[in-house]
Number of protein chains: 2
Amino acid sequence: MNENPAPRRASLGLVLRHAHLRAAQLFTEELRPLGLENHHAGVLLHIGLLEMQTQRQLVDSMGVDKSAMVRTLDALEARGLVRREAHPTDRRAHAVVLTPAGQELLAQVEAAAERTDARATSCFTPEERELFHDLAAKFVRG
Amino acid sequence: MNENPAPRRASLGLVLRHAHLRAAQLFTEELRPLGLENHHAGVLLHIGLLEMQTQRQLVDSMGVDKSAMVRTLDALEARGLVRREAHPTDRRAHAVVLTPAGQELLAQVEAAAERTDARATSCFTPEERELFHDLAAKFVRG
DNA sequence: TATTGTTATACTCTATAACTATA
DNA sequence: TATAGTTATAGAGTATAACAATA
């Protein structure tokens with residue numbers, strides 16, 4: 001009375017965990033020459049997505065804890081990659097912006113991310129690659 | 001001379017991070033009534049994928065550290081959900097198997113995972129859902 | 001009264017290495 | 001000599017709450 005004789009397929013959540021894990025491992029390799037950790041590079045990438053944003057916006061868009069963001073930005077600021085500036089309208093808030101050195105490094109991080117994506121999707125046809133990226137983005141938006 | 005005036009699209013790696021994050025959050029909600037953490041539920045799901053496996057196989061298939069696996073299995077064993085049995089041919093290895101209580105709870109975890117997948121993919125058509133799952137699985141295999 | 005960012009704290013996770021018992 | 005599992009330990013990350021300044 002085995003009603004499920006076929007090998008069970010891993011749930012989508014499990015598959016997505018492995019997918020992210022694999023991408024993160026490849027990214028770590030690409031990042032090694034830059035002397036950056038995944039987490040710091042991720043924050044730089046997120047800062048690069050918007051011209052200017054507060055720590056709060058960064059915390060929301062990355063889904064990390066705000067106290068963790070404080071420490072990460074402390075580290076990036078100590079390396080001269082980002083600056084916390086006065087927010088034009090809200091004196092509580094900090095505007096997080098890239099320094100010239102940060103912009104330069106960000107360009108390298110973006111190149112590393114592109115190389116990572118290319119390596120990670122080398123099993124795909126160009127059409128599959130686009131489709132997967134599109135569907136993943138739609139999935140994230142919910 | 002702006003050669004990239006369109007809003008930059010997040011790299012696939014970043015998107016996959018968010019995709020996994022979102023699925024994990026929904027899974028946490030579904031798991032709450034079961035009194036299980038994501039991590040422990042994930043190990044149960046992985047144990048459920050194969051009839052019998054060693055700790056080493058579990059470590060490899062999950063991509064976690066072996067010392068972390070020791071602690072997780074200690075916790076699951078203390079709750080009476082799994083047992084470490086003698087391996088039939090290798091006396092160094094432990095065969096990790098589910099207890100009856102573990103099998104019962106696994107069934108509930110699998111149901112929770114299915115509900116999670118359904119909620120997470122509610123923005124998709126059935127065709128997109130299948131396609132995304134298939135492409136993600138192919139991506140993982142590399 | 002709520003929000004932004006900071007600090008403090010305890011807890012968990014990770015990474016590393018050493019150790020044992022087997023192979 | 002290499003592998004499976006365990007233990008120990010230090011470092012990083014996470015979650016929580018409390019706090020000051022500002023809205």
Side-chain angles (χ1 to χ4, degrees), chain A residues 17-18 20-25 27-29 31-32 35-44 46-47 50 52-79 82-97, chain B residues 17-18 20-25 27-29 31-32 35-44 46-47 50 52-79 82-97:
Chain A
R17 178 177 172 276
H18 280 111
H20 172 239
L21 206 60
R22 174 157 175 272
Q25 282 165 344
F27 194 37
T28 301
E29 295 174 16
L31 239 31
R32 217 182 310 271
L36 264 181
E37 287 168 37
N38 274 24
H39 191 235
H40 290 178
V43 173
L44 285 182
H46 270 270
I47 295 177
L50 263 74
M52 187 271 276
Q53 50 192 322
T54 65
Q55 278 184 223
R56 176 58 197 264
Q57 285 175 300
L58 219 38
V59 160
D60 287 345
S61 68
M62 292 199 65
V64 301
D65 192 76
K66 61 181 178 176
S67 67
M69 184 59 71
V70 170
R71 281 190 299 275
T72 301
L73 289 178
D74 284 349
L76 292 177
E77 201 164 27
R79 287 185 56 172
V82 310
R83 265 201 318 272
R84 286 186 251 225
E85 297 186 346
H87 191 277
T89 60
D90 188 338
R91 293 209 296 169
R92 296 171 305 178
H94 292 168
V96 179
V97 297
Chain B
R17 178 177 172 276
H18 280 111
H20 172 239
L21 206 60
R22 174 158 174 274
Q25 282 165 345
F27 194 37
T28 300
E29 294 174 16
L31 240 30
R32 217 182 309 272
L36 264 181
E37 287 168 35
N38 273 26
H39 191 237
H40 290 178
V43 172
L44 285 182
H46 270 271
I47 296 177
L50 263 74
M52 188 270 275
Q53 51 192 322
T54 64
Q55 278 185 221
R56 177 58 197 264
Q57 286 176 301
L58 220 38
V59 160
D60 287 346
S61 68
M62 291 201 64
V64 301
D65 191 78
K66 60 180 179 176
S67 67
M69 184 58 70
V70 169
R71 281 190 299 274
T72 301
L73 289 178
D74 285 349
L76 292 177
E77 202 165 24
R79 287 185 57 174
V82 309
R83 265 200 319 273
R84 287 186 252 223
E85 297 186 345
H87 190 278
T89 60
D90 187 339
R91 293 208 298 170
R92 296 171 303 179
H94 292 169
V96 179
V97 297

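Order of the sequence lines fixes the chain letters, A, B, ..., with proteins taken first and strands second; residue numbering starts at 1 for each chain.
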Give the rounded distance in Å between these two atoms: [atom1] of [X] and [atom2] of [N].
X	N	atom1	atom2	value
B:His39	D:dG13	NE2	C1'	14 Å
A:Leu73	C:dT4	CG	P	15 Å
A:Gln55	C:dT6	CD	C1'	9 Å
A:Glu85	C:dG5	CD	P	14 Å
B:His87	C:dT22	NE2	P	15 Å
A:His40	D:dA12	NE2	P	10 Å
B:Asn38	C:dT12	CG	P	15 Å
A:Met62	D:dT14	CE	C1'	14 Å

Practice problem: Give a yes or no on whether the backbone of B:Arg84 and the side-chain of B:Glu77 come within a donor-acceptor separation of less than 3.5 Å. | Solution: yes
Practice problem: Could you tell me whether a side-chain N or O of A:His46 sits under 3.5 Å from a main-chain N or O of A:Val59, the two making a donor and an acceptor? | Solution: no
Quiz item: Can you tell which of C:dT22, C:dT4, C:dT7 lies closest to the side chain of B:Arg91?
Solution: C:dT22
Quiz item: Counting side-chain heavy atoms from CB outward, which of C:dT6, D:dT14, D:dA4 is closest to A:Ala68?
Solution: D:dT14
Practice problem: Kindly say whether, by distance alone, the side chain of A:Arg92 makes a donor-acceptor pair under 3.5 Å with the base of C:dT3? | Solution: yes
Taking only side-chain N and O atoms of [X], does any of them lie within less than 4.0 angstrom of OP1 or OP2 on [N]?
X	N	answer
B:His94	D:dT6	yes
A:Gln57	C:dT4	no
A:Arg84	C:dT6	yes

Quiz item: A:Ala95 and A:Ala86: which non-hydrogen atoms are nearest, and at how many Å?
Solution: CB-O, 4.2 Å
Quiz item: DNA chain D: B:Ser67 or A:Val64, which has the more 5' nearest nucleotide?
Solution: B:Ser67
Quiz item: When you look at B:Arg79 and B:Leu36, which way does the side-chain contact (heavy atoms from CB on, under 4.5 Å) test go after all the steps?
Solution: CA-CA 11 Å; B:Arg79 287 185 57 174; B:Leu36 264 181; 3.7 Å; yes
Quiz item: Checking all strands, does A:Glu37 fall into the base, sugar-phosphate, or nothing category for heavy-atom contacts under 4.0 angstrom?
Solution: sugar-phosphate
Exercise. Quickly, which of A:Val43, A:Leu44, A:Val97 forms a side-chain contact (heavy atoms from CB on, under 4.5 Å) with A:Val82? Name it, please.
Key: A:Leu44
